[in-house]
K.L.:
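Let me give you the structure first, and then I'll get to my questions.
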Amino acid sequence: MAFTDELNTLNNAFSGLGVDEKSLISILGNSHPEERKCFRKGTPHLFKEDERLFERWNDERVRLLKHEFMRFKNAVVLWAMHPWERDARLLKEALKKGIEVHGVIVEIACTRSSEELLGARKAYHSLFDHSIEEDVASHIDGPESKLLVALVSAYRYEGAKVNDVTAKSEAQTLSHVLKNTDNTNPIEDDEVIRILSTRSKAHLQVVYKHYKEISGNNMDEDLGADLMLKETVQCLCTPHTYFSKVLEVALRNDVDKNTKKGLTRVIVTRADTDMKQIKEEYQNQYGVSLSSKIEKTANGNYKDFLLTLVART
């Protein structure tokens, strides 16, 4: 096999998100022992020699490759699920994995319609014999628990009517709290939680507009390092910007596996709803189309499946 185009193709087949199954089959499947030895020698990031000069897989790379081979399967399984079951299982996984993925709970609670969130809560009952509210309350400690319980319990008004006077008053309330963080943690403030967990998204988007007029900054900018509140505001008020950011970060090479899962999650859960707007926002934010970024970063069946979902709208 030597250091030829085929060796480069094999190396690329194991790189990025997913794997290039067709290249693995056509090249590795037809290779001879000496050619596979050359492949092992030419990919020190995949194979290493021990103290006896024995060539062996790098165990850490094998573990990572298992995740890459699973991406296509996981995406197909999630896509085939009823959306309520899918969200319920994503919520359960987020609770199991801990604080680093609690943003997924915020994402689902704040970007689904009232009926969709209610459906996910019903599915959670059926799948796990618990309510999502009680599991959030029992698994998450600290001030975040109160906010998350309120968000997953919400059943928001979805009409277009907004009381502008009330919206402006609540923008002033939020501005006062966020400008006085030395005295109180915003995530522990009852008014902050009430406004974010009960008001309609149309109302909150008007609050967001008034907040900038009052403070000079966007609300999420003033939240600083409070990631959970920041993501809550973004999901409620600027969801397409939020989803674009999740996709952009997930498509980077230097992020952890939980972050990379955002690529599958966002594309699968939004393909039937607002993918067109997300694609437009991604193009505006990053100067490249989402499809071309996936084409460049992902591999094989996983790439083809994601591109198919993205192209639906």
K.L.:
Atom NZ in Lys293, atom OG in Ser291: separation rounded to 0.5 Å?
P.N.:
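Here the interatomic distance stands at 13.0 Å.
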K.L.:
Distance from Arg63 atom CZ to Glu68 atom CD, nearest 0.5 Å?
P.N.:
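These two atoms lie 11.0 Å from each other.
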K.L.:
Testing the basics here: between Gly159 and Ala202, what is the closest heavy-atom pair and its distance to 0.1 Å?
P.N.:
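Closest approach of Gly159 to Ala202, heavy atoms only: O-CB, 4.1 Å.
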K.L.:
Is there any side-chain hydrogen bond (donor to acceptor under 3.5 Å, both in side chains) pair reaching into residues 72-86, and which pairs are they, with sequence neighbours excluded?
P.N.:
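Qualifying pairs: Glu85-Arg89.
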K.L.:
Taking the side chain as every heavy atom from C-beta outward, state whether Lys261 and Lys257 have any pair of such atoms under 4.5 Å apart.
P.N.:
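Not touching, per the 4.5 Å side-chain cut-off.
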K.L.:
Val149 and side chain to side chain contact (heavy atoms under 4.5 Å, CB included): which partner among Val136, Ile193, Ile140?
P.N.:
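Going through the options one by one, the only one that passes is Val136.
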K.L.:
Can you tell me how far apart OG1 (Thr297) and CG (Asn253) are? Round to the nearest 0.5 Å.
P.N.:
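Answer for the OG1-CG pair, Thr297 versus Asn253, is 6.5 Å.
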K.L.:
Do Glu213 and Lys209 come within less than 4.5 Å of each other through their side chains, counting heavy atoms only?
P.N.:
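They are in contact (side-chain heavy atoms under 4.5 Å apart), so the answer is yes.
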K.L.:
Taking Ser145 for its side chain and Gly142 for its backbone only, find out whether a donor-acceptor pair lies under 3.5 Å.
P.N.:
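Not at all, since once roles are kept as given, no pair shorter than 3.5 Å links the two residues.
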K.L.:
Can you run down the ring pair (Phe, Tyr, Trp, His ring centres under 6.0 Å) pairs that involve residues 127-160, sequence neighbours left out, and say none if there aren't any?
P.N.:
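Listed by first then second residue: Tyr124-Phe128.
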K.L.:
Evaluate the salt bridge (charged side-chain N to carboxylate O under 4.0 Å, His left out) criterion for residues Glu133 and Arg121: first the C-alpha distance (whole Å), next the side-chain angles of each, then the deciding distance (0.1 Å), finally the verdict.
P.N.:
CA-CA 9 Å; Glu133 297 91 336; Arg121 289 159 63 190; 2.8 Å; yes
K.L.:
Quick one: which residue pairs count as a salt bridge (Lys or Arg N to Asp or Glu O under 4.0 Å) with a foot in residues 299-308, not counting sequence neighbours?
P.N.:
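Sorted pair list: Glu295-Lys303.
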K.L.:
In Å, rounded to the nearest 0.5 Å, how long is the span from CG of Leu251 to CG of Leu290?
P.N.:
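With rounding to 0.5 Å, CG (Leu251) is 7.0 Å from CG (Leu290).
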K.L.:
Taking C-beta and beyond as the side chain, do Arg199 and Arg194 meet within less than 4.5 Å on heavy atoms?
P.N.:
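When only atoms from C-beta onward are counted, Arg194 and Arg199 do touch, with a gap below 4.5 Å.
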K.L.:
Please check if atom NZ in Lys168 has more than 12 non-hydrogen atoms from other residues, nucleotides or ligands closer than 6.0 Å.
P.N.:
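Open: at most 12 neighbouring heavy atoms sit under 6.0 Å from NZ of Lys168.
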K.L.:
Is the backbone N or O of Gln277 less than 3.5 Å from a side-chain atom of Asp274, with the two atoms forming a donor-acceptor pair by type?
P.N.:
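Side chain of Asp274 to backbone of Gln277, a donor-acceptor pair under 3.5 Å: no, none is there.
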K.L.:
Go through it in stages, so that I can follow the logic: the residues are Asp129 and His125, the test is side chain to side chain contact (heavy atoms under 4.5 Å, CB included), and I'd like the CA-CA distance, side-chain angles, deciding distance and then a yes or no.
P.N.:
CA-CA 5 Å; Asp129 296 321; His125 292 178; over 6 Å; no
K.L.:
Please determine whether residues Ile195 and Ile187 belong to a single hydrophobic cluster, defined as Ile, Leu, Val, Met, Phe, Trp and Tyr linked transitively by side-chain heavy-atom distances below 4.5 Å.
P.N.:
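Yes; Ile187 is reachable from Ile195 via cluster members.
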K.L.:
Please check this pair: side chain of Ser131 against backbone of Glu134, looking for a donor-acceptor N/O pair closer than 3.5 Å.
P.N.:
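At least one qualifying donor-acceptor pair exists.
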K.L.:
How far apart are the C-alpha atoms of Lys230 and Asp226, what are their side-chain angles, what is the distance that settles it, and do they pass the salt bridge (charged side-chain N to carboxylate O under 4.0 Å, His left out) test?
P.N.:
CA-CA 6 Å; Lys230 183 178 290 189; Asp226 196 327; over 6 Å; no
K.L.:
Just by distance, with hydrogens left out, do His203 and Glu170 show a side-chain donor and acceptor under 3.5 Å apart?
P.N.:
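Short answer, yes.
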K.L.:
If you count every heavy atom of other residues, nucleotides or ligands that lies below 6.0 Å from Lys92 atom NZ, does the total exceed 12?
P.N.:
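Buried by this count: over 12 neighbours within 6.0 Å.
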K.L.:
Of the non-hydrogen atoms in Tyr282 and Val288, which two are nearest, and what is the gap between them?
P.N.:
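Where Tyr282 meets Val288 most closely, the heavy atoms are CD2-O, 3.3 Å.
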K.L.:
Output side-chain donor-acceptor pairs under 3.5 Å for residues 95-109, partner residues at least two apart or in another chain, one line each.
P.N.:
unit_1: His102; atom_1: NE2; unit_2: Gly98; atom_2: O; d: 3.4
unit_1: Glu107; atom_1: OE1; unit_2: Tyr242; atom_2: OH; d: 2.7
unit_1: Glu107; atom_1: OE1; unit_2: Arg265; atom_2: NE; d: 3.4
unit_1: Glu107; atom_1: OE1; unit_2: Arg265; atom_2: NH2; d: 2.9
unit_1: Glu107; atom_1: OE2; unit_2: Arg265; atom_2: NE; d: 3.0

K.L.:
Might you point out which heavy atoms bring His210 and Ala171 nearest each other, and give the distance in Å?
P.N.:
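For His210 versus Ala171, the nearest heavy atoms are CB-CB, 3.7 Å.
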K.L.:
Distance alone, cut at 3.5 Å: any donor-acceptor contact between the side chains of Thr264 and Tyr302?
P.N.:
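Per modelled atom types, Thr264 and Tyr302 side chains form a pair under 3.5 Å.
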K.L.:
In Å, rounded to the nearest 0.5 Å, how long is the span from CG of Asn163 to OG of Ser200?
P.N.:
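OG of Ser200 is found 11.0 Å from CG of Asn163.
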K.L.:
Just so I know, are the side chains of Asn218 and Tyr211 near enough to count as touching, which here means a heavy-atom distance under 4.5 Å?
P.N.:
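Answer no - side chains too far apart.
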K.L.:
Please determine whether residues Val207 and Val162 belong to a single hydrophobic cluster, defined as Ile, Leu, Val, Met, Phe, Trp and Tyr linked transitively by side-chain heavy-atom distances below 4.5 Å.
P.N.:
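No, separate clusters.
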K.L.:
For His67, does the NE2 atom sit with more than 12 other heavy atoms under 6.0 Å from it, leaving out its own atoms?
P.N.:
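Correct, the count exceeds 12.
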K.L.:
To the closest 0.5 Å, what do you measure between CG (Leu196) and SG (Cys110)?
P.N.:
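Leu196 atom CG to Cys110 atom SG measures 8.0 Å (nearest 0.5 Å).
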K.L.:
Do Leu90 and Thr269 have side chains that approach each other closer than 4.5 Å (heavy atoms only, starting at C-beta)?
P.N.:
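Yes, side chains in contact.
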K.L.:
Do Ser175 and Lys179 come close enough that some side-chain heavy atom pair is under 4.5 Å?
P.N.:
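In short, these two side chains touch, coming nearer than 4.5 Å.
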K.L.:
Say whether Met275 and Leu307 are linked into one hydrophobic cluster, either directly or through other cluster members, by side-chain heavy-atom distances under 4.5 angstrom.
P.N.:
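Cluster IDs for Met275 and Leu307 match.
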K.L.:
Show, in sequence, the C-alpha distance, side-chain angles and deciding distance for Ile267 and Ile294, and conclude whether the side chain to side chain contact (heavy atoms under 4.5 Å, CB included) test is met.
P.N.:
CA-CA 11 Å; Ile267 290 178; Ile294 293 171; 3.6 Å; yes
K.L.:
Verify side chain to side chain contact (heavy atoms under 4.5 Å, CB included) between Asp222 and Met219, making sure each step is shown before the conclusion.
P.N.:
CA-CA 5 Å; Asp222 280 348; Met219 195 189 313; 5.9 Å; no
K.L.:
If the condition is salt bridge (Lys or Arg N to Asp or Glu O under 4.0 Å), which residues does Lys279 pass it with, not counting sequence neighbours?
P.N.:
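Salt bridge (Lys or Arg N to Asp or Glu O under 4.0 Å) list for Lys279, sorted by chain: empty.
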K.L.:
Are Ile214 and Val177 linked, directly or through other ILVMFWY residues, by side chains that come within less than 4.5 angstrom of each other?
P.N.:
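Different clusters: Ile214 never reaches Val177 through Ile, Leu, Val, Met, Phe, Trp or Tyr contacts under 4.5 Å.
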K.L.:
Regarding Glu281 and Gln285, is there a side-chain donor-to-acceptor distance under 3.5 Å anywhere?
P.N.:
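Side chains of Glu281 and Gln285: pair found under 3.5 Å.
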K.L.:
Determine, using the 4.5 Å side-chain heavy-atom cutoff (strictly less than), whether Leu17 and Leu78 are members of one ILVMFWY cluster.
P.N.:
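Same hydrophobic cluster.
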K.L.:
Are side-chain heavy atoms of Thr232 and Cys235 found at a separation under 4.5 Å?
P.N.:
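No; the side chains remain at least 4.5 Å from each other.
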K.L.:
Would you check if Leu148 and Met228 make a side-chain contact, meaning some heavy-atom pair closer than 4.5 Å?
P.N.:
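SC-SC contact between Leu148 and Met228 confirmed.
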K.L.:
Quick check: closest heavy atoms across Leu127 and Ala88, and the distance to 0.1 Å?
P.N.:
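Heavy atoms only, the tightest pair is CD1-CB, 3.8 Å.
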K.L.:
Show me the pairs that pass salt bridge (Lys or Arg N to Asp or Glu O under 4.0 Å) and involve residues 138-162, at least two apart or across chains.
P.N.:
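Non-adjacent pairs meeting salt bridge (Lys or Arg N to Asp or Glu O under 4.0 Å): Lys146-Asp190.
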K.L.:
Run the side chain to side chain contact (heavy atoms under 4.5 Å, CB included) test on Tyr286 and Ser244 for me, step by step, so that the C-alpha distance in whole Å, both residues' side-chain angles and the decisive distance to 0.1 Å come before the verdict.
P.N.:
CA-CA 9 Å; Tyr286 306 108; Ser244 296; 4.2 Å; yes
K.L.:
Please check: side-chain N/O of Thr173 versus main-chain N/O of Ser169, any donor-acceptor pairing under 3.5 Å?
P.N.:
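Checking the backbone N and O of Ser169 against the side chain of Thr173, a donor-acceptor pair under 3.5 Å is found.
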K.L.:
For a quick test of reading the model, state the closest non-hydrogen atom pair linking Cys237 to Pro239 and the distance between them.
P.N.:
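It is C-CD, 3.5 Å.
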K.L.:
Do you know the tightest heavy-atom contact between Leu117 and Val152?
P.N.:
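Heavy atoms of Leu117 and Val152 come nearest at CD2-O, 3.8 Å.
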